[in-house]
Amino acid sequence: RDTLSNAVAVTETDLLTSFGLYSKDAKLDYKPFADLQVAKFDGSKVTRVEIQDKAAGSLVLIKKENADKTTAWAFEPAAPKEEVDANKVMSFLSGISNIYGKEFIDPQGNNNGFSDKLWVSVGELHLFLGTQDDVKKTHFLKVMPENRVYEIYDSSISSLKKDKRAFLKT
């Protein structure tokens with residue numbers, strides 16, 4: 001029944017088996033119905049990316065409009081001899097938007113190793129990397145401003161840890 005309606009649909013189909021429930025004691029798994037995509041955004045509309053790394057420090061990329069109305073990515077502060085490859089920036093952004101969580105984690109739960117140290121900022125979206133579980137090969141990841149926490153596989157983030165060289169034209 002629709003929650004806003006008094007109409008009831010009747011069927012002879014066994015709906016529970018459609019949800020993978022084959023006994024009265026079976027528990028419904030939320031994952032087939034959950035959207036575990038960590039970040040949804042249009043990479044072409046992003047104008048600022050910031051990456052924090054303990055070893056490499058902070059890296060900021062800004063999308064600027066040129067005099068001829070084309071756009072180009074540049075480091076901030078500007079590095080005159082270092083030209084940023086826009087395709088590499090877009091590939092990085094695509095990688096972020098293709099991270100999927102393994103599990104949802106209660107944001108009110110324990111600390112999960114989060115600090116105020118930002119891992120990646122894409123426009124208004126901020127990702128904070130938490131502690132690593134070596135046994136499960138996962139990390140905790142907090143997404144702000146939504147305050148969602150995910151457990152994600154290490155392989156999801158290892159390719160996204162970038163330094164300045166990763167964005168340079170070759």
Side-chain angles (χ1 to χ4, degrees), residues 30-31 33-170:
Y30 72 89
K31 289 181 188 174
F33 309 101
D35 184 2
L36 291 168
Q37 186 176 8
V38 170
K40 292 181 184 178
F41 58 86
D42 182 354
S44 65
K45 294 182 180 173
V46 172
T47 58
R48 178 182 166 83
V49 176
E50 181 177 352
I51 304 169
Q52 292 280 347
D53 187 321
K54 287 179 185 175
S58 179
L59 173 66
V60 178
L61 293 155
I62 302 291
K63 187 193 265 185
K64 297 183 177 185
E65 189 173 306
N66 298 323
D68 62 357
K69 301 290 184 195
T70 61
T71 58
W73 285 92
F75 294 115
E76 190 172 277
K81 294 184 179 183
E82 297 176 321
E83 192 174 354
V84 176
D85 186 334
N87 290 329
K88 291 180 180 179
V89 176
M90 290 306 294
S91 176
F92 177 77
L93 294 172
S94 176
I96 291 174
S97 67
N98 284 307
I99 295 176
Y100 286 83
K102 176 183 177 237
E103 296 278 346
F104 286 114
I105 304 297
D106 180 6
Q108 303 304 319
N110 64 16
N111 183 327
N112 297 323
F114 299 119
S115 68
D116 293 336
K117 189 95 173 161
L118 183 66
W119 176 52
V120 175
S121 176
V122 177
E124 299 297 318
L125 181 73
H126 308 291
L127 307 176
F128 297 88
L129 195 57
T131 54
Q132 180 180 22
D133 184 328
D134 292 327
V135 175
K136 295 197 291 186
K137 297 186 183 329
T138 60
H139 268 87
F140 293 109
L141 182 73
K142 182 192 286 186
V143 180
M144 295 301 281
E146 292 86 7
N147 195 30
R148 292 187 320 257
V149 178
Y150 298 90
E151 182 180 24
I152 61 171
Y153 290 106
D154 289 347
S155 59
S156 297
I157 58 166
S158 61
S159 64
L160 297 176
K161 289 187 174 182
K162 303 286 185 188
D163 63 7
K164 198 174 201 177
R165 295 176 306 226
F167 296 103
L168 294 174
K169 281 192 176 177
T170 52

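All values derive from a computational prediction rather than experimental measurement.
Of the inter-residue distances, the one linking Thr70 atom OG1 with Glu65 atom CD reads 8.0 Å to the nearest 0.5 angstrom. Note that the NZ atom of Lys137 and the CD atom of Gln132 stand 8.5 Å from one another [nearest 0.5 Å]. Here the NZ atom belonging to Lys45 is positioned 14.0 Å from the CG atom belonging to Leu93, to the nearest 0.5 angstrom. The structure places CD1 of Ile51 at 8.5 Å from NZ of Lys162, a figure rounded to the nearest 0.5 Å. The distance from atom CG of Asp163 to atom CZ of Arg165, rounded to the nearest 0.5 Å, is 4.0 Å. The distance from atom CD1 of Ile99 to atom OG of Ser155, rounded to the nearest 0.5 Å, is 10.0 Å.
When all heavy atoms of His139 and Asp154 are compared, the pair lying nearest together is ND1-OD1, 2.7 Å. The shortest heavy-atom contact between Gly101 and Ile152 is CA-CG2, 3.7 Å. Across Thr131 and Gly113, no two heavy atoms sit closer than the pair CG2-CA, 3.3 Å. When every heavy atom of Gln52 is checked against every heavy atom of Ser58, the shortest pair comes out as NE2-OG, 3.4 Å.
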Would Val120 and Phe92 count as a side chain to side chain contact (heavy atoms under 4.5 Å, CB included) here? Give the steps. CA-CA 11 Å; Val120 175; Phe92 177 77; 4.3 Å; yes
Could you give me the CA-CA distance, side-chain angles and deciding distance for Phe167 and Trp73, then say whether side chain to side chain contact (heavy atoms under 4.5 Å, CB included) is met? CA-CA 9 Å; Phe167 296 103; Trp73 285 92; over 6 Å; no
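Without hydrogens or angle criteria, Lys63 side chain to Val49 main chain gives no donor-acceptor distance under 3.5 Å. Here the side chain of Asn66 pairs no donor or acceptor atom with the backbone of Asp68 at under 3.5 angstrom.
Enclosure of atom OH in Tyr153 is not indicated, since only 12 or fewer non-hydrogen atoms of other residues, nucleotides or ligands lie within 6.0 angstrom.
The shortest distance between side-chain heavy atoms of Val60 and Arg48 falls below 4.5 Å. In this structure, Ser156 and Tyr100 have side chains that are not in contact, with every pair of non-hydrogen atoms separated by 4.5 Å or more. The closest side-chain heavy-atom distance from Phe128 to Val149 is not below 4.5 Å.
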Under 3.5 Å, which donor-acceptor pairs link side chains of residues 140-148 to any protein atom two or more places apart or in another chain?
{"residue": "Arg148", "atom": "NE", "partner": "Tyr150", "partner atom": "OH", "Å": "2.6"}
{"residue": "Arg148", "atom": "NH2", "partner": "Val38", "partner atom": "O", "Å": "2.7"}
{"residue": "Arg148", "atom": "NH2", "partner": "Tyr150", "partner atom": "OH", "Å": "3.4"}

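Sorted by first then second residue, the salt bridge (charged side-chain N to carboxylate O under 4.0 Å, His left out) pairs that include residues 79-88, not counting sequence neighbours, are Glu82-Lys164, Glu83-Lys169.
Residues meeting the side-chain contact (heavy atoms from CB on, under 4.5 Å) test with Lys40, sequence neighbours left out: Asp35, Gln37.
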